[in-house]
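What you are looking at is a predicted structure, and each value in this text was computed from that prediction instead of being measured. Each ligand, and each atom within it, is numbered from 1 in the order the structure gives.
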Amino acid sequence: PEAITVAELANRMAERTADLVKSLFKMGTPVTSNQVIDQDTAELLVSEFGHNIRRVSESDVDIVTEVDVDEDETLQPRAPVVTIMGHVDHGKTSLLDALRGTDVVAGEAGGITQHIGAYMVTQKDGSQITFLDTPGHEAFSAMRARGADVTDIVVIVVAGDDGIRPQTIEAINHTKAANKPMIVAINKMDKPGSNAQKVREALLQYDVQVEAMGGEVQDVEVSATSKLNLDELIEKIQLQAEILELTANPDRPAEGVVVEAQLDKGRGPVATVLVRRGTLKTGDIFVVGPESGKVRALVDDKGKQIKSAGPSVPVEILGISGVPSAADQLTVVENEARAREVAAYRASVIQQKRTTSAPASLESMFSALR
Ligand code: GDP
Ligand code: MG
């Protein structure tokens, strides 16, 4: 097979040569920029950097890379992905529960969110909204740090009887850092002690100006318990989503992000994946983080088996070789050999990261003991 230098490959991908060299080093292939790498290695790098490989013909092994961006005409509207954040006990889970019309809180040990759940809620008009219930703000920033920036809109829940608290401020800061539009849901308005105006005023201190205070951030007084103004909250999310003009190409091999994963006693490794583009189907061969597999079954958020899942749809996947981590990327590939290859590469990168981060954690362990 034809070979290519690292520098030339970087050039074709419009990536920095140094980044490719670094990635190759992690793969256990130390090279200099002018060194030649074989085609298999090049192909791995190309897909790792999010590009496509276009073979000129079956016999012509020249690698032609193109930035993997969907053409405008392939794009179709997709549902917004909403993350609910806020201080503990301000009613994130209750609100989500009220929005999906089922009882999540009851199933939670001690009423504390155990994991990231992802649910798609269908409105009366047929439009849909996907909600992520995060266990904490670390998860949100960790996902973002790993390039798994799945959220389109953040709903910040503030209990009207408790006001702005440390995790509310954190949520505001994370939302701003992520450059996401926010909607403030002032919750527990059924409680006599709740004061929404006080919350609006207090938000000014953190540079959040809601519409009533002359700003542009939408806010809504709600109650998860008495189901007050849930329609209004949905409308505000839809309005915000319209402004964002969210689209994706559903007609391509699927790509998604793991929002949670676990080993299920009966079913084996199970991952909840949010599809970002393309359509995931049963029988698809995929790589997810360092694992790979073939989709044995797809289960939607209502526990129903489905045949395919398009953009913004959260779906449970069965048929994975092991348990991936939250924020791992899922990519559908053309065959099993390729899946194993990419998975092995990713596993080596993870191994490398673990090795290099060991001294730092030992050091922090010692300083914690001091
Ligand atoms: P989270 O930690 O933000 O997910 O908060 P939860 O949804 O677990 O709610 C914490 C507590 O507040 C629970 O006891 C809920 O029943 C209660 N709660 C949540 N929303 C409301 C509300 O709108 N009104 C009242 N009165 N209580 C609420
Ligand atoms: Mg919760």
* To do: Decide, counting backbone as well as side-chain atoms, whether Thr93 has an N, O or S atom less than 2.8 Å from the Mg ion (ligand 2).
  => yes
- Ion pair present between Asp161 and Lys191, side-chain N to carboxylate O less than 4.0 angstrom? yes
Can Arg78 and Asp152 be counted as an ion pair, charged N to O under 4.0 angstrom? yes
Review point. Between Asp284 and Lys294, is there a side-chain N and carboxylate O pair less than 4.0 Å apart?
Key: no
### Query
Between Leu95 and ligand 1, is there a nitrogen or oxygen pair with a distance under 3.5 Å?
no
Counting heavy atoms under 4.0 Å, the part of Asp190 that contacts ligand 1 is side chain
| Residues Glu316 and Lys304 bridged, charged N to O under 4.0 Å | no
### Query
Looking only at distance, does Val88 have an N or O less than 3.5 Å from an N or O of ligand 1?
no
The answer for which part of His90 has a heavy atom under 4.0 Å from ligand 1 is backbone
| request: Give yes or no for whether the N/O distance cutoff of 3.5 Å, strictly under, is met between Ser94 and ligand 1. | output: yes
Handout entry: Charged N-O contact under 4.0 Å between Glu255 and Arg277
Key = yes
From the list Leu95, Asn187, Thr168, side chain to side chain contact (heavy atoms under 4.5 Å, CB included) with His90 holds only for Thr168
Heavy-atom proximity to atom 21 (C) of ligand 1 ranks first, among Asp89, Thr225, Asp161, for Thr225
Review point. Hey, is His87 one of the residues with a heavy atom under 4.0 angstrom from ligand 1?
Key: yes
